[in-house]
Structure formats: structure tokens, C-alpha cells
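A quick write-up on the structure given underneath.
Only this structure's heavy atoms are used, side chains among them; waters, hydrogens and symmetry mates stay out. To find a chain, count down the sequence lines: A is the first, B the second, and so on, and within it residues start at 1. Keep in mind the model is a prediction, meaning the values are calculated, not measured.
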Number of protein chains: 2
Amino acid sequence: MSKREQILNAASQVIATKGANQLTLDAVAAEAGVSKGGLLYHFPNKDELIKGLNIHVITCFRNMIEAELESGIPYSQAYLQATIKTSADPDFLLVNSSLIAAVSNNSDFLNLWAEEYERFHQAWEQEGLSKEKSVVLRTLCDGLWFSSMFQLYPVANVDQQIVFDYMMKLLREELS
Amino acid sequence: MSKREQILNAASQVIATKGANQLTLDAVAAEAGVSKGGLLYHFPNKDELIKGLNIHVITCFRNMIEAELESGIPYSQAYLQATIKTSADPDFLLVNSSLIAAVSNNSDFLNLWAEEYERFHQAWEQEGLSKEKSVVLRTLCDGLWFSSMFQLYPVANVDQQIVFDYMMKLLREELS
DNA sequence: TTAAATTAACCGTCCAGACGGTACAGTTAG
DNA sequence: CTAACTGTACCGTCTGGACGGTTAATTTAA
């Protein structure tokens with residue numbers, strides 16, 4: 001793992017354990033085992049660090065979808081698979097913390113996600129699903145993310161499986 | 001509106017417009033038209049302010065559900081109605097910002113929500129819905145909140161209606 | 001009845017510490 | 001020689017919060 005990646009992981013670790021408001025350059029450098037100077041060598045300022053974190057996570061998610069597509073399944077199913085995999089412990093740490101950092105700092109970081117969502121949307125549209133099904137499916141995916149982010153109830157893992165099965169059922173109905 | 005409420009609204013306004021990391025006592029006091037001392041009279045420290053914001057919002061949501069129940073509809077439907085109403089512009093501002101403040105500061109604030117969710121759960125269970133339906137419905141509600149929070153795609157309002165209709169359809173199927 | 005005491009609600013200033021960021025002189029590995 | 005760092009020292013600003021007023025209403029005491 002490159003130092004750069006170590007730093008990004010450290011940043012999300014700090015957010016996850018201490019909260020986004022404790023995301024300081026010193027804390028990230030310490031967590032990553034890097035000096036402050038070294039941190040600032042890779043990310044010239046804090047905003048660039050958060051931006052880098054978001055871009056990294058978005059890229060990971062996109063790659064995950066593309067990896068799923070390799071097996072020849074339709075896009076919508078690949079998206080569901082990637083969502084399930086992502087929202088499962090503990091990989092979700094990165095998504096979680098990058099979104100939190102983005103929304104906490106209220107800069108243009110959420111736009112990065114919005115642009116990616118736009119691409120997701122276009123791919124969904126070409127799938128031939130009914131409007132209702134596609135909106136419901138995407139809202140369910142969002143709901144899984146929400147539940148992974150805030151963890152407001154503990155039995156999430158079992159429930160996630162139920163939701164996933166339901167989504168697959170919806171997909172099969174439609175595509176057959 | 002009491003000064004206390006003014007302050008809470010100001011806090012969520014600051015979070016919504018400037019981001020959670022700009023939630024400073026000075027900014028809230030200025031937004032509320034109160035001096036810093038006056039703010040600290042009502043909330044002895046910043047944590048108490050955030051806690052107060054979350055309790056306020058949770059109470060509002062609970063009251064909204066209870067208001068819906070007055071008309072004799074079942075609990076699950078009241079919950080859906082309250083969710084739709086809450087996630088519609090611009091009332092969601094309060095929910096949104098209180099959750100963001102809670103997760104940014106990573107203190108025990110999310111526990112307040114978790115406790116409330118626990119109560120929601122118990123009410124859902126007594127509804128006689130199948131496990132699958134109730135999990136799907138609740139995940140859809142979470143998804144609506146997620147989409148209202150992050151607003152990653154713009155056409156949310158139309159889609160929300162579709163999701164709501166779908167949820168009502170699910171409910172009718174089951175309860176009939 | 002009225003003066004004094006108390007209290008609630010709020011103002012405005014000040015300060016220690018935290019934080020982002022700079023500067024720069026070394027060090028290590030390839 | 002260069003890229004990728006380390007380490008230290010430092011600066012200016014921001015921020016939480018302590019603190020000492022102030023004002024007006026209310027209560028108490030004589």
C-alpha cells in the first residue's frame with residue numbers, strides 16, 4: 001500500500017473513530033505514521049485531502065461495478081452487487097467517512113458524488129427497467145447506505161440480505 | 001417562537017448553509033440574533049447545543065407520527081406519511097442538519113436516534129407485517145432520507161412520489 | 001406600600017489552546 | 001541527483017468557553 005493510500009485510510013479511520021470534526025492534519029499524520037510535512041507533501045492542504053478521499057472512494061466504487069460487469073450480468077445487477085458489497089462491514093468505512101467529510105465541509109465535494117450518480121443514472125436508464133422499478137431499486141440501495149452510515153439499528157446484516165434478495169426478485173421479474 | 005427554538009433553527013441553518021465544520025458558537029449566535037453569552041445561557045456548551053438540536057428534531061418527528069395516528073390509520077402508514085412529509089422540502093433541513101451534526105461530532109448523539117429507532121421498530125413489529133415487507137419498507141424510508149440529505153440527484157421530488165405510491169401499494173397488499 | 005433582595009435572561013470581552021499552514025534544513029532510498 | 005519524505009520551529013487565526021457585567025421582572029421584608 002502506497003503512503004498516499006495509507007494517508008487516505010488514516011483519514012477515514014480518524015473520521016470513523018473520532019468524528020469528522022476531529023479530522024485534523026496532525027491526527028491524520030499520526031494515524032498514518034507520517035510526519036505532518038509528509039502529509040502535506042501528498043496533499044497540499046486539508047481540502048485536497050478530503051477531495052482526494054472522495055475521489056478515491058468514488059473510483060473504488062466504480063471499479064467494483066466494472067469488476068462485477070466482467071461476469072456478463074446486466075448493469076443494474078452489478079450496481080446492486082457493488083452496493084451490497086460496499087455496505088457490508090467493514091469496507092463501508094471509506095464510503096461512510098468520505099461522505100461524512102464531504103457533507104461536513106459543505107464544499108464542492110458532494111458534487112463529485114453527484115456527477116458519479118449522474119453516470120449511474122444514465123446506465124440505469126439504458127437498462128429498460130420501468131421507471132417505478134428503477135426508482136425503487138435505487139432508493140433501496142440508498143437506504144442500505146443510510147443504514148450502514150448511521151447504524152441506527154443493530155441487526156442490519158440479516159436485514160441487508162433480505163433487502164438484497166428482494167431487489168434481485170424485483171430485477172428478475174422485470175427482465176424476464 | 002422562543003429564543004431557544006430560534007437558536008436551534010439558527011444552528012441548523014448554519015449547518016445547512018456553511019457546513020457542520022462551520023458550526024461555531026459565534027456563527028449560531030449571529031444567525032439567531034443573540035449574543036454569545038445569551039447562547040451559552042440556553043446551552044451551556046456546544047455539545048449541549050447539538051444534543052438539544054437532535055432531541056428537538058426527534059421529538060418533532062415523533063409528534064408528527066402521533067399526529068398522523070390521530071386519523072386512525074395504522075402505525076406503519078403513519079410512519080410512511082411522516083417520512084414523506086419530513087423528507088420533503090424544506091422541513092427536512094432540521095433532520096438533515098441534526099443528523100449531520102450528530103455524525104460529525106461522533107459523540108453519543110447518534111444513540112439518541114438509535115433509541116428512537118428502537119421504539120419505531122417495536123411499533124412496526126406489532127403491525128403484523130411480514131418480515132420482508134417491513135424491512136423493505138423501512139429501507140425505502142431510509143433511502144428517502146438519504147436522498148434528501150445528500151441530494152445527489154436533482155429530480156428527487158418526482159421520484160419521492162413514485163416511491164411513496166409504491167410503499168402504499170406494498171402496505172395495501174399486505175394488510176388486506 | 002415600598003424599598004431591598006433575588007433571580008432569569010442576556011450581553012460583550014477576554015484568553016488559552018488548537019489548528020491550518022509555512023519554511024526550511026536535514027535524511028534516506030533508488 | 002532526485003523524489004519522497006522527516007522534524008522542528010513558528011505564525012496568524014479561529015474557537016470554546018469562562019467570566020463579569022446589565023437589565024427587567026418578581027419576590028420578599030419592613
Side-chain angles (χ1 to χ4, degrees), chain A residues 1-56 97-98 100-110 112, chain B residues 1-56 97-98 100-110 112:
Chain A
M1 187 165 49
S2 69
K3 272 275 159 69
R4 202 190 133 93
E5 246 177 302
Q6 274 180 47
I7 291 171
L8 291 178
N9 283 327
S12 69
Q13 192 67 37
V14 168
I15 293 171
T17 55
K18 301 182 179 176
N21 65 341
Q22 299 289 345
L23 182 76
T24 65
L25 297 183
D26 286 312
V28 173
E31 178 75 32
V34 171
S35 69
K36 193 174 176 178
L39 168 59
L40 285 167
Y41 175 79
H42 288 283
F43 302 96
N45 55 53
K46 194 180 175 181
D47 267 15
E48 286 298 319
L49 172 63
I50 297 175
K51 186 176 165 188
L53 179 61
N54 279 273
I55 288 176
H56 175 61
S97 47
S98 76
I100 290 171
V103 80
S104 296
N105 289 46
N106 201 37
S107 308
D108 302 325
F109 307 130
L110 276 183
L112 298 170
Chain B
M1 187 164 51
S2 69
K3 271 274 159 69
R4 204 190 132 93
E5 247 176 302
Q6 274 179 47
I7 292 172
L8 291 178
N9 283 327
S12 68
Q13 191 68 36
V14 169
I15 293 171
T17 56
K18 302 182 179 176
N21 65 340
Q22 301 288 345
L23 183 76
T24 65
L25 298 183
D26 285 312
V28 173
E31 179 75 33
V34 172
S35 70
K36 197 170 178 178
L39 168 60
L40 285 167
Y41 173 78
H42 289 282
F43 301 96
N45 55 54
K46 194 179 174 182
D47 267 15
E48 286 298 319
L49 172 63
I50 299 174
K51 186 175 164 189
L53 180 61
N54 278 274
I55 289 176
H56 175 62
S97 48
S98 77
I100 290 171
V103 80
S104 297
N105 287 46
N106 201 38
S107 307
D108 302 325
F109 307 131
L110 276 182
L112 298 170

Any chance you could list the contact pattern along nucleotides 6-14 of chain C? Use B for base contacts, S for sugar-phosphate-only contacts and - for none, protein heavy atoms under 4.0 Å, 5' to 3'.
--SBBBB--
Scan the side chains in residues 23-46 of chain A for donor-acceptor partners under 3.5 Å anywhere in the protein, sequence neighbours excluded, and list what turns up.
| unit_1 | atom_1 | unit_2 | atom_2 | d |
| --- | --- | --- | --- | --- |
| A:T24 | OG1 | A:A27 | N | 3.0 |
| A:S35 | OG | A:G38 | N | 3.0 |
| A:N45 | OD1 | A:D47 | N | 3.2 |
| A:N45 | OD1 | A:E48 | N | 2.9 |
| A:K46 | NZ | A:L23 | O | 2.8 |

Which nucleotide span of DNA chain D, 5' end to 3' end, has atoms closer than 4.0 Å to non-hydrogen atoms of chain A?
D:dA3 to D:dT6
Could you run through nucleotides 25-30 of chain C and give me one letter per nucleotide, 5' to 3': B if any protein heavy atom sits under 4.0 Å from the base, S if only the sugar-phosphate is that close, - if neither?
------
Under the side-chain contact (heavy atoms from CB on, under 4.5 Å) test, which residues partner B:I55, sequence neighbours left out?
B:K51, B:T59, B:L112
Only counting residues at least two apart or in another chain, list the ones meeting side-chain contact (heavy atoms from CB on, under 4.5 Å) with A:A20.
A:I15, A:I100, A:S104, B:S104
Can you run down the salt bridge (charged side-chain N to carboxylate O under 4.0 Å, His left out) pairs that involve residues 9-20 of chain B, sequence neighbours left out, and say none if there aren't any?
none
Whole angstrom is fine here: how far is it from CG in A:N105 over to C1' in C:dG20?
13 Å
Selection: residues 45-56 of chain A, any non-hydrogen atom under 4.0 Å of DNA chain C:
A:N45, A:K46
To check you understand the geometry: which heavy-atom pair defines the closest contact between B:N106 and A:A16, and what is its length?
ND2-O, 3.7 Å
Please list, chain by chain and in numerical order, all residues satisfying side chain to side chain donor-acceptor pair (under 3.5 Å) with B:S97, sequence neighbours excluded.
none
Pairing residues for A:S98 by the side chain to side chain donor-acceptor pair (under 3.5 Å) criterion, not counting sequence neighbours
none
Under a 4.0 Å heavy-atom cut-off, which of residues 18-32 of chain A touch DNA chain D?
none
How long is the gap from CG on A:N54 to CG on A:L49, to the nearest 0.5 Å?
10.0 Å
Which atom names give the shortest non-hydrogen contact between A:A102 and A:L110, and what distance separates them?
CB-CD2, 4.0 Å
All side-chain contact (heavy atoms from CB on, under 4.5 Å) counterparts of B:N9, not counting sequence neighbours:
B:M1, B:L94
Do B:H56 and B:R4 come close enough that some side-chain heavy atom pair is under 4.5 Å?
no
